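Predicted model, so just to flag it, every value in this text is computed and none were measured. These numbers come from the heavy atoms of this one structure, side chains and all, not from hydrogens, waters or symmetry mates.
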Amino acid sequence: MSRREGVLGWDVGGAHLKAVLIDADGAVRLALELPCPLWQGVSHLGRAIEEILSRIPVEPAAHAVTMTGELADCFTDRALGIAAIADALSARVPADRLHVFAGRRGFLPVSGLAAATAAIASANWLASAMYLATVVREALLVDIGSTTTDLAPVAGGNVLVIGDDDFTRLAADELVYTGITRTPLMSVAGRAPFEGRQVGLMAEHFATTADVHRLTGELAERADLHPSADRGPKTVEGSARRLARMVGRDAASAPIDAWRELARFFADRQLERLVAAAGRVAARGGLSAQAPVVGAGVGIFLARRLAARLDRSCVDFATLVRRVGAAADDLMACAPAFAVAHLLGTSRQGARR
């Protein structure tokens, strides 16, 4: 790679590393997502960074970084997490090309992060919302990932949220800790109907929402990048076995249709929680009845169902990005990585004028 071109956007999560390369015209060249169990140590992040860099066909002129991985429990606090993530990137990318997203403060060099922890931490959703505000009149962003769901109303070029950190966003229902693969089922419901009875669930990490959505037939296997709860096979039979444990049974004790029905119960409870939160966020943001849901994330299928429940149309995030092409499906999982790349590219173009 001899010529520098484009911007590479990074979204450093606690469980995945995502990257999107855009060219000088803002077109998406590549979108990648890799598993990265950061909670197990920063070495996992280093290897994932190197893997992504090995797949990039050009040398990016700049790198835009956003993150949620600073929350990983291998770090004692967010400031240390931000510093460690910045160090991992700086060890593999020239520091003068690294630009860290600090929300409405814009982008900061890696040398200026210590005083901006609050603005940098878990700000990836804001990058997506800020991009969305430039391309639609009004909408409700619904980004459903493997672990969490981000909800943000935008209108008139503004992001109309109440919260600006994890705590205030959780309190405002703008951050909902439920996703389509990594959420333990014991957090989705306390009891479930099975064979005509209401059964209390085992409060153990026996099964996750990946098992639910695999049994309902909605989970794309490319969306489930981490081992299952028992590290067993990620098959319908494996998911049925894990789900059965939640109600104290073995999978062989009932037909597969019974486990599919139980899975649909959990899927409905998860959707109901998201619909209630999204309805409150949309109303508080003053969105009109015509404002669509803009769905993103590996849980796009759930965002579409949520939109239908709210009687709103649903627009896929990738359709609001020009010149995506074959990378559209990958881009859906990487909206914040695209957004920071776009925001940085736009700001650099403006600075050159």
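- Hydrophobic cluster membership differs between Leu287 and Val315, with clusters built from Ile, Leu, Val, Met, Phe, Trp and Tyr side chains linked at under 4.5 angstrom.
- No donor-acceptor distance shorter than 3.5 angstrom exists from the side chain of Asn158 to the backbone of Leu160, with no hydrogens or angles considered.
- A distance of 10.0 Å separates OG1 of Thr147 from CD1 of Ile180, quoted to the nearest 0.5 Å.
- A side-chain donor from one of Glu70 and Ser122 sits under 3.5 Å from a side-chain acceptor of the other.
- Proximity of Arg264 to Arg269: side-chain heavy atoms (C-beta onward) are nowhere separated by under 4.5 Å.
- Nearest approach of Ala333 to Val298, heavy atoms of both residues: CB-CG1, 3.6 Å.
- Put simply, the residue from Val161, Thr168, Asp164 that forms a side chain to side chain contact (heavy atoms under 4.5 Å, CB included) with Glu174 is Val161.
- Under a 4.0 Å N-O distance rule, the pair Asp250/Arg245 does not qualify as a salt bridge.
- At a threshold of 4.0 Å, the pair Glu195-Arg249 counts as salt-bridged, since one of the basic side-chain nitrogens sits closer than that to a carboxylate oxygen.
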Q: Step by step, work out the salt bridge (charged side-chain N to carboxylate O under 4.0 Å, His left out) result for Arg214 and Asp224.
A: CA-CA 10 Å; Arg214 182 175 293 110; Asp224 186 17; 2.6 Å; yes

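- Asp25 contributes no side-chain N or O that, together with a main-chain N or O of Ala27, makes up a donor-acceptor pair within less than 3.5 Å.
- Side-chain N or O atoms of Lys234 include one that pairs as donor or acceptor with a backbone N or O of His226 at under 3.5 Å.
- At least one donor-acceptor pair closer than 3.5 Å links the side chain of Arg312 to the backbone N or O of Ala291.
- Formation of a donor-acceptor pair under 3.5 Å by the Thr181 side chain with backbone atoms of Ala210 is not found in this model.
- Side-chain atoms of Arg305 never come within 3.5 Å of backbone atoms of Phe301 as a donor-acceptor pair (strictly under, hydrogens ignored).
- You'll find the side chain of Leu71 reaches within 4.5 Å of the side chain of Arg78, heavy atoms only.
- Checked by atom type and distance alone, the side chain of Asp211 pairs as donor or acceptor with a backbone atom of Thr208 at under 3.5 Å.
- Glu138 contributes a side-chain N or O that, together with a main-chain N or O of Ser288, makes up a donor-acceptor pair within less than 3.5 Å.
- Among Val42, Val110, Ile49, Leu45, the one residue that satisfies the side chain to side chain contact (heavy atoms under 4.5 Å, CB included) test with Ile85 is Leu45.
- The shortest side-chain heavy-atom distance between Val142 and Val294 does not fall under the 4.5 Å cut-off.
- Aromatic pair Trp259/Phe194: ring centres closer than 6.0 Å.
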